[in-house]
Amino acid sequence: MKNWSGIVQFEPEVVEYPDSEEAVQRLVQRAAEQGKTVRVIGTGHSFTDLCKTDEVLLSLDSYQGLVSVDKEKCQATAKGGTKLTTLGDLLFEQGMAMENMGDIDVQSIAGTISTGTHGTGMEFGTISTQVIGLRFVNGKGEIVDCSVSNNPELFKAAQVSLGLFGIITEVKLQCVPTHKLVLQNGKEAIESVLNTFEKRLAENRNFEFYWFPQSESFWTKTSNIVKEEAAKIRLWHKAFDYGVENGVFLVLNELSHNFPSTSKGVANFMASQVSSYRKVFHSHKVYATTRLVRFNEMEYNVPLETFKDVFRDVRKCVNTRHKNIVFPIENRNVKGDDILMSPAYGRDSAYIACHTYHKQDHLPYFKDLEEIFRSYGGRPHWGKLNTLAANDVVELYPEFETFLKFRAEQDPDKVFVSPYFRHLFGL
């Protein structure tokens, strides 16, 4: 088994594909009786060892779809293994949509919320904040329900659980009515964007931007609700997105990887190719982009008020010490929340995501940037590469001990605790 980028590889003793909650329950009970550990894998888009195990690996790929819909309250309950792209289509058929999404939609809903995955927009928290109820099979083989009104303390701990409380079988979402967004892309000067940063966050529903290393411009992406007719996503558009854009990007990354002296030219060429773009789509077709070129990723959350200082430090570091980097650096923003292990706990946040081509040695680059992020109180996205250990987590998360208390109650025999979590959380 391996994750999407190939950086995590392992050989589980067995891989199980349960197709019902009862089957999940039986698998957990059997593993507990045998003293085995269980980890869950979705689409493999985490870059850490979250899913890695040499014992029981469980996939919910055979457990997808909607469980129930309440159109009056605009709420829906989905099976834990439901992929976001499927969920978007299913909700659309019911006249509903998720209020916000990230830029990849191939993950399962359970994996998405368990790692604190997010989109962008200062009106919105991480995707976990859209969850109003959870159902999971805990380490004792019990079925547990919790929500904003039923055992809310446990619920706040379980909204971002990293798979340590149990196997999430159902996720109840507070949705919004279907709507259309106008997506506007463009190329802008770095200082122009930074000088109007706060204004853009306040005036736009969704705003994010990418910086190509060594270049002097940002690729900006803005989306807002409109009443216009949605464009049809035609076959030629999909072909261009899949074949041309990703194909050219692959060739350029191979060129930079094999001939590092070309990296600055490659980065500047990619920046020069950013063009203005305006399109109207139904919301669930706007957020995600097609990612076929494999990469490894580190993403950190920093307090929003520190973002411009952090970015300038990052830019200086990359331009002087890592001139072989061509992957753009992604910048997004999220509203603070009260979820115990959410990177956005207690603060409005900026997220900075750094990538390297999967064949490239990411360690020196990520090490230098992580030092910058940590100096500003940065917290990592749980599915992205980082070097945290238990003492770091204690320092960064005020409610970490509360989280561990609930973990011990739900999984006293550590059925879901792998070696990775023994290191990361001191378990």
Side-chain angles (χ1 to χ4, degrees), residues 43 45 64-79 81-109 112-113 117-132 171-186 200 203-210 219-243 245-246 275-292 330 332-335:
T43 317
H45 264 267
Q64 299 192 53
L66 292 181
V67 176
S68 62
V69 172
D70 186 331
K71 291 187 177 182
E72 185 177 338
K73 294 181 179 179
C74 208
Q75 296 172 354
T77 299
K79 296 177 181 179
T82 309
K83 300 299 187 285
L84 293 182
T85 182
T86 301
L87 181 58
D89 290 335
L90 292 174
L91 291 175
F92 182 73
E93 292 172 2
Q94 301 295 328
M96 299 188 295
M98 295 178 68
E99 69 172 8
N100 203 25
M101 294 177 66
D103 63 355
I104 298 177
D105 62 1
V106 298
Q107 313 98 314
S108 67
I109 183 61
T112 297
I113 65 171
T117 296
H118 62 95
T120 190
M122 291 312 305
E123 296 179 11
F124 312 107
T126 66
I127 293 175
S128 296
T129 62
Q130 300 175 44
V131 179
I132 56 175
V171 179
K172 187 174 184 179
L173 297 163
Q174 180 59 60
C175 301
V176 296
T178 55
H179 54 279
K180 287 164 284 189
L181 296 173
V182 57
L183 173 65
Q184 295 177 290
N185 290 356
R200 292 175 187 235
E203 293 181 353
N204 293 288
R205 187 182 194 276
N206 307 107
F207 177 66
E208 63 182 301
F209 50 97
Y210 298 75
W219 167 23
T220 60
K221 297 176 67 176
T222 304
S223 59
N224 290 288
I225 293 178
V226 292
K227 299 294 186 181
E228 297 176 41
E229 287 298 313
K232 292 182 179 180
I233 301 178
R234 301 185 185 279
L235 182 61
W236 69 265
H237 184 272
K238 290 184 178 180
F240 182 84
D241 195 18
Y242 275 80
E245 287 192 348
N246 281 279
S275 59
S276 297
Y277 174 90
R278 184 185 188 279
K279 210 72 173 179
V280 176
F281 292 117
H282 292 287
S283 63
H284 65 297
K285 299 297 184 183
V286 167
Y287 299 106
T289 54
T290 305
R291 304 288 184 89
L292 300 181
E330 185 178 16
R332 291 178 286 175
N333 306 278
V334 165
K335 183 179 180 180

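Treat the numbers as computed from the prediction; the structure is a model and nothing was measured.
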Side chain to side chain donor-acceptor pair (under 3.5 Å) between Q75 and Q174, worked out: CA-CA 5 Å; Q75 296 172 354; Q174 180 59 60; 2.9 Å; yes
Report the C-alpha distance between Q130 and F124 in whole Å, list the side-chain angles of each, state the deciding distance to 0.1 Å, and finish with yes or no for side-chain contact (heavy atoms from CB on, under 4.5 Å). CA-CA 9 Å; Q130 300 175 44; F124 312 107; over 6 Å; no
Checking I132 against L173 for the side-chain contact (heavy atoms from CB on, under 4.5 Å) test, could you report, in this order, the C-alpha distance in whole Å, the side-chain angles of both residues, the deciding distance, and whether it holds? CA-CA 6 Å; I132 56 175; L173 297 163; over 6 Å; no
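When the salt bridge (Lys or Arg N to Asp or Glu O under 4.0 Å) test is applied to E203, the partners found at least two apart in sequence or on another chain are K199. With sequence neighbours excluded, no residue satisfies salt bridge (Lys or Arg N to Asp or Glu O under 4.0 Å) with E229. For F209, the ring pair (Phe, Tyr, Trp, His ring centres under 6.0 Å) partners are F207, F218, F307, not counting sequence neighbours. Every residue meeting the side-chain contact (heavy atoms from CB on, under 4.5 Å) condition with K335, not counting sequence neighbours, appears here in chain and number order: D348. With sequence neighbours excluded, no residue forms a side chain to side chain donor-acceptor pair (under 3.5 Å) with T43.
The shortest distance between side-chain heavy atoms of E228 and K180 does not fall below 4.5 Å. By the 4.5 Å heavy-atom criterion applied to side chains, D89 and K285 are counted as neighbours.
Atom CZ of R332 sits about 6.5 Å away from atom OH of Y210, to the nearest 0.5 Å. Taking CG from L90 and CG from L66, the interatomic distance works out to 4.5 Å, rounded to the nearest 0.5 Å. We find the CD-NZ distance between Q64 and K79 to be 9.0 Å, quoted to the nearest 0.5 Å. Rounding to the nearest 0.5 angstrom, the gap separating the OG1 atom in T220 from the CZ atom in R200 is 6.0 Å. Summarising the geometry, atom NZ belonging to K221 is positioned 5.0 Å from atom OG1 belonging to T289; distances are rounded to the nearest 0.5 Å. The distance from the CZ atom of R278 to the CG atom of N185 is 12.0 Å, given to the nearest 0.5 Å.
Closest approach of L292 and N246 over heavy atoms only: N-OD1, 3.0 Å. Between V334 and G119, the closest heavy-atom pair is CG2-O, 3.6 Å.
Open room surrounds NZ on K172; 12 or fewer heavy atoms of other groups in view lie less than 6.0 Å from it.
Between the side chain of T112 and the main chain of S108, a donor-acceptor pair closer than 3.5 Å is present.
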For residues 94-107, run the donor-acceptor check on the side chains, cut-off 3.5 Å, and write out each pair with its distance to 0.1 Å, sequence neighbours left out.
residue, atom, partner, partner atom, Å
N100, OD1, N206, ND2, 3.1
N100, ND2, T120, O, 3.2
D103, OD2, R291, NH2, 2.8

